[in-house]
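Worksheet: the structure to be examined is printed underneath.
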Number of protein chains: 2
Amino acid sequence: MSSSRRPSPPDVSPAERDALRLWVVLSRAHAAIATHAAADVARHGLTLAEFGVLEALYHKGPMLLGEVQRSLLVSSGGVTYLVDRLEQRGLVRRDKCAEDRRARYAVLTDAGTAFVREVFPQHAAAVAGAMAGLSADEQRVARSLLRTLGTQAAELEAEQEREPAA
Amino acid sequence: MSSSRRPSPPDVSPAERDALRLWVVLSRAHAAIATHAAADVARHGLTLAEFGVLEALYHKGPMLLGEVQRSLLVSSGGVTYLVDRLEQRGLVRRDKCAEDRRARYAVLTDAGTAFVREVFPQHAAAVAGAMAGLSADEQRVARSLLRTLGTQAAELEAEQEREPAA
DNA sequence: GGTACAACTCTCAGCGCTGAGATTCTAGCG
DNA sequence: CGCTAGAATCTCAGCGCTGAGAGTTGTACC
């Protein structure tokens, strides 16, 4: 029973300590950029997820709702919610899918396309501004590292789903 | 009025395009790691934010609620909510602050200290496992880049708050 | 063809958190 | 000393999203 204010550190290896620090730094960087990006799209009354739907549809054309779901990493209920909101604003429309009557396409309306065309460059500039702390080369390195980090972690996820209990 | 399925890309510079790609990759990496970390603490019925409070108190000792708030980047209502929950579980206690009767300390109870001591190493291992896609050297580089990215972006935020209208 | 199973979407209760306002207290100034 | 500005916390309405379950349609195997 030590009465010291600072408790003795539990057994955590230096490598684990480093991983935890990276996790903190990754979280803070993500939060900082997300705040910027969210503030930018909020000027148009949109959330980041809503804007993500528009962006995806703009770049990939009409998508099944399930594709949008996997592309944005949201839940099934989430896609319904997001597309509902964008539909109410007249930016997106739901179209029937001829090959599969369970599925539906999300499609940008003309107004939606015009909206993205106008807003996307501003958003790109806002994100680039938030990233300006790193040089172009540093951004390239960061992108490469984060890509492998993300895909490896996601793969680990998939493995653990295949064998839930050890 | 091109009728092409793929709309012509709006005017976005290559640098901005790269920044956007980095933003996507950063988001996905964060989401993947967060999923892992959240699943780990969920085994003990905790959220990541709740665990963050415990971790902060464990490493820094008693903290004013405002310090916890700034440390975890949550809202004022968020701290109240988080500390309420941890207090209900008997892991944290609120102590009066002698110097300032408006403020209150959040303090780990004995049970809370014991809990962190037991769970923290497991959590460190889980996070390290999620980071295993990068070598130790790569993690160091990533940490350095993300640190400057995060602090620079946060500083930009602070500047814009000082002069809200241009 | 029928039957079981899986895929796609939607519904809805509820969680975690935000942010504006209320409350309580401190600090500084005349 | 009284007063005002502002800080620390709490309250509470409400937002964005999750995830389990329902409804519907496609698929594969008897």
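Here is how names work: the chains are called A, B, and so on, in the same order as the sequence lines, proteins then strands, and each is numbered from 1. Because the structure is a prediction, the values reported are computed rather than measured. No hydrogens, no waters, no symmetry mates; every other heavy atom, side chains included, goes into these values.
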State whether Tyr81(A) places a side-chain N or O below 4.0 Å from either non-bridging phosphate oxygen (OP1 or OP2) of dG16(D). yes
In whole angstroms, how far is the P atom of dC10(C) from the CG atom of Asp84(A)? 7 Å
Atom CD of Gln69(A) and atom C1' of dG19(D): how far apart are they, to the nearest Å? 11 Å
Expressed in angstrom and rounded to an integer, what is the separation of Tyr105(B) atom OH from dA8(D) atom P? 12 Å
Quick one: closest heavy-atom pair of Met131(A) and Leu22(B), and the distance? SD-CD2, 3.7 Å
Rounded to whole Å, CE of Met63(B) lies from P of dT9(D) at a distance of 11 Å
CG (Leu73(A)) and CZ (Arg28(B)) are apart, to the nearest 0.5 Å, by 4.5 Å
Expressed as a whole number of angstroms, how long is the span from Lys96(B):NZ to dT9(D):P? 14 Å
Minimum heavy-atom distance between Ala153(B) and His36(A), given as atom pair plus value: O-NE2, 3.4 Å
Hey, what's the ring geometry for His59(B) with Phe120(B), parallel, tilted or perpendicular (30° and 60° as the breaks)? perpendicular
Which part of the nucleic acid, if any, lies within contact of Thr80(A), taking any heavy atom under 4.0 Å across all strands shown: a base, the sugar-phosphate backbone alone, or nothing? base
To the nearest Å, how far apart are Leu82(B) CG and dG16(C) C1'? 8 Å
Ala103(B) and Leu64(B): which non-hydrogen atoms are nearest, and at how many Å? CB-CD2, 4.0 Å
Over 60° means perpendicular and under 30° means parallel, so tell me whether His44(B) and Phe115(B) are parallel, tilted or perpendicular. perpendicular
How many whole angstroms separate atom CG of Leu86(A) from atom P of dC17(D)? 10 Å
Ignoring hydrogens and angles, does a donor from either the side chain of Ser76(A) or the base of dC10(C) sit under 3.5 Å from an acceptor on the other? yes
Output the rounded distance in Å from CG (Leu73(B)) to P (dT18(C)). 9 Å
Short N/O separations, protein against nucleotides 1-8 of chain C, under 3.5 angstrom:
unit_1: dA7(C); atom_1: N3; unit_2: Arg102(A); atom_2: NH1; d: 2.6

Flag if over 12 foreign heavy atoms under 6.0 Å of CG, Asp110(B): no
Please work out if Val79(A) contacts a base, only the sugar-phosphate, or nothing of the nucleic acid, heavy-atom cut-off 4.0 Å. nothing
Phosphate-side-chain proximity, Arg101(B) and dT26(C), N/O vs OP1/OP2 below 4.0 Å: yes
Walking DNA chain D from its 5' end, the first of Gly77(A) and Glu99(A) to be reached, judged by nearest nucleotide, is Gly77(A)
